[in-house]
Peer 1: 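Starting off with a structure, shown below.
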Amino acid sequence: MSGLTMRIAASAVVVAAAVVGAAPATAAEWGINGTWATSSNGDLAKINYRLEPQPSVRSNWTISTQCTSPFECVGTVQSDAGWTAPIYTTNGFWYVKRLIKNWRYCPDGSPIDGKQMYKLYPVGPGGYHVADDSDEWTGQDKTMGPSGACGRNAETVIEIPFYMKRI
């Protein structure tokens, strides 16, 4: 074997050893487990795409997730506001969806339920999307009523900016 061939072979062995010896990412690193302070900023709420301030909502969430890859995670959110809902990830975003019984009332007093969805992603300085291990996340808190409720053909949609920080 020539000297050049031996150096290339030795380099290949070193690179292979480094790759084999590297610690693989674990499922725990892919989730967003922990306790989080959350806030839905009602001052910037929109009802049916029209700015209309609503009460702000603050609560603490305990999130527990299990992942099979960085792109496939499921789990549970427990809010200190008294509700529990599933959480999952798809297309780089995390989603929490839940049903709110008696969300709003029609003029005749009949209640309608709302479907609430939180869409979350991690952020860093300046609000840029960063790695999932960030301690700050942002997104949207969106609640929709059913189409046809209260005699209206279109559903009521409330969208509120959302933020959460690990505590």
Side-chain angles (χ1 to χ4, degrees), residues 22-105 111-150 152-167:
T26 65
E29 292 175 28
W30 298 322
I32 56 171
N33 301 306
T35 303
W36 303 78
T38 71
S39 175
S40 293
N41 184 353
D43 293 341
L44 299 174
K46 293 180 182 178
I47 297 181
N48 294 341
Y49 311 103
R50 182 185 73 249
L51 185 63
E52 190 171 322
Q54 299 292 303
S56 292
V57 178
R58 296 182 188 277
S59 61
N60 290 331
W61 289 4
T62 301
I63 303 175
S64 175
T65 58
Q66 303 81 39
C67 303
T68 56
S69 79
F71 311 106
E72 294 182 34
C73 300
V74 296
T76 304
V77 172
Q78 279 191 287
S79 171
D80 65 0
W83 55 265
T84 300
I87 185 170
Y88 65 94
T89 186
T90 188
N91 296 328
F93 293 98
W94 287 79
Y95 295 91
V96 177
K97 294 182 180 180
R98 70 185 196 102
L99 181 67
I100 303 174
K101 298 296 276 176
N102 303 327
W103 172 56
R104 295 179 67 119
Y105 291 88
I112 60 170
D113 296 339
K115 293 179 183 174
Q116 187 173 35
M117 178 188 70
Y118 295 90
K119 180 179 179 181
L120 315 168
Y121 60 93
V123 293
Y128 297 106
H129 197 133
V130 298
D132 287 348
D133 64 352
S134 176
D135 288 335
E136 295 183 77
W137 290 59
T138 192
Q140 181 183 59
D141 170 355
K142 181 177 183 178
T143 307
M144 296 176 60
S147 180
C150 303
R152 292 191 55 218
N153 191 30
E155 68 270 354
T156 298
V157 179
I158 299 179
E159 297 172 285
I160 305 174
F162 179 81
Y163 172 81
M164 70 182 197
K165 182 169 180 62
R166 189 183 309 269
I167 53 176

Peer 1: Please report, to 0.1 Å, the donor-acceptor pairs under 3.5 Å made by any side chain of residues 155-165, with sequence neighbours excluded.
Peer 2:
from, atom 1, to, atom 2, distance (Å)
Thr156, OG1, Arg152, NH1, 3.3
Glu159, OE2, Gln140, NE2, 2.9
Tyr163, OH, Glu136, OE1, 2.4

Peer 1: If I compare all heavy atoms of Trp30 with all of Pro70, which pair ends up nearest, and what's the gap?
Peer 2: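 Nearest heavy atoms, Trp30 then Pro70: NE1-CG, 3.4 Å.
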Peer 1: Can you confirm if the aromatic rings of Trp137 and Tyr118 lie within a centre distance of less than 6.0 Å?
Peer 2: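 No: the rings miss the under 6.0 Å criterion.
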Peer 1: Search all heavy atoms of Asp80 against all heavy atoms of Ser59 and return the closest pair with its distance.
Peer 2: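 In this case the closest contact between Asp80 and Ser59 is OD1-CB, 3.2 Å.
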Peer 1: First locate atom OG of Ser64, then atom CD of Gln78, and finally report the distance between them rounded to the nearest 0.5 Å.
Peer 2: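 Answer rounded to 0.5 Å: 9.0 Å.
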Peer 1: Are Trp94 and Val77 close enough that some pair of their side-chain heavy atoms sits under 4.5 Å apart?
Peer 2: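 Answer no - side chains too far apart.
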Peer 1: Of all heavy-atom pairs between Ala85 and Lys97, which one has the smallest distance, and what is that distance?
Peer 2: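 Taking Ala85 first and Lys97 second, the nearest heavy atoms are CB-O, 3.6 Å.
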Peer 1: Treating Ser134 as the side-chain partner and Val123 as the backbone partner, does any N or O pair qualify as donor plus acceptor under 3.5 Å?
Peer 2: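 Yes, because the side chain of Ser134 sits within donor-acceptor range (under 3.5 Å) of the backbone of Val123.
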Peer 1: Decide yes or no for Asp113 and Asn102: does some side-chain heavy atom of the first lie under 4.5 Å from some side-chain heavy atom of the second?
Peer 2: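 When only atoms from C-beta onward are counted, Asn102 and Asp113 do touch, with a gap below 4.5 Å.
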Peer 1: Evaluate whether atom NZ of Lys142 has more than 12 neighbouring non-hydrogen atoms of other residues, nucleotides or ligands under 6.0 angstrom away.
Peer 2: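 Enclosed: over 12 neighbouring heavy atoms sit under 6.0 Å from NZ of Lys142.
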Peer 1: Could you tell me how the ring of Tyr95 sits relative to the ring of Tyr88: parallel (under 30°), tilted (30 to 60°) or perpendicular (over 60°)?
Peer 2: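 Parallel.
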Peer 1: To the nearest 0.5 Å, what is the distance between OG1 (Thr143) and CE (Met117)?
Peer 2: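 Atom-to-atom, Thr143:OG1 and Met117:CE are 9.5 Å apart.
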Peer 1: Nearest 0.5 angstrom please: Lys115 NZ to Ile100 CD1, how far?
Peer 2: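 If I round to the nearest 0.5 Å, the distance is 12.5 Å.
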Peer 1: Do Thr65 and Thr89 have side-chain heavy atoms sitting under 4.5 Å apart?
Peer 2: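 Not in contact.
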Peer 1: So, for Leu120 and Val96, which heavy atoms are closest and what is the spacing to 0.1 Å?
Peer 2: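 What the structure gives for the nearest pair is CD1-CG2, 4.4 Å.
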Peer 1: Once you round to the nearest 0.5 Å, how far does CG of Asp135 lie from CD1 of Ile167?
Peer 2: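 Result: 11.5 Å between the selected atoms.
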Peer 1: Apply side chain to side chain contact (heavy atoms under 4.5 Å, CB included) to residues Ile87 and Ile32 and explain how you reach the verdict.
Peer 2: CA-CA 10 Å; Ile87 185 170; Ile32 56 171; 3.8 Å; yes
Peer 1: To the nearest 0.5 Å, tell me how far Leu44 CG sits from Glu52 CD.
Peer 2: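 The CG atom of Leu44 sits 13.5 Å away from the CD atom of Glu52.
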Peer 1: Calculate, to the nearest 0.5 Å, the distance between atoms CG and SG belonging to Asn33 and Cys73 respectively.
Peer 2: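 Going from the CG atom of Asn33 to the SG atom of Cys73 covers 9.0 Å.
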Peer 1: So which atom in Tyr105 and which in Pro111 form the shortest heavy-atom distance, rounded to 0.1 Å?
Peer 2: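 Scanning both residues completely, I find the closest heavy atoms to be CE2-CB, 3.5 Å.
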Peer 1: Can you check whether Trp36 reaches Asn60 side chain to side chain, under 4.5 Å on heavy atoms?
Peer 2: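 No, side chains not in contact.
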Peer 1: Just by modelled atom types, is the Gly42 backbone N or O under 3.5 Å from a matching donor or acceptor in the Ser56 side chain?
Peer 2: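 Present.
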Peer 1: Side-chain contact test, heavy atoms from C-beta onward, threshold under 4.5 Å: evaluate it for Ser147 versus Asn153 and give yes or no.
Peer 2: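 Heavy-atom side-chain distance check passes, below 4.5 Å.
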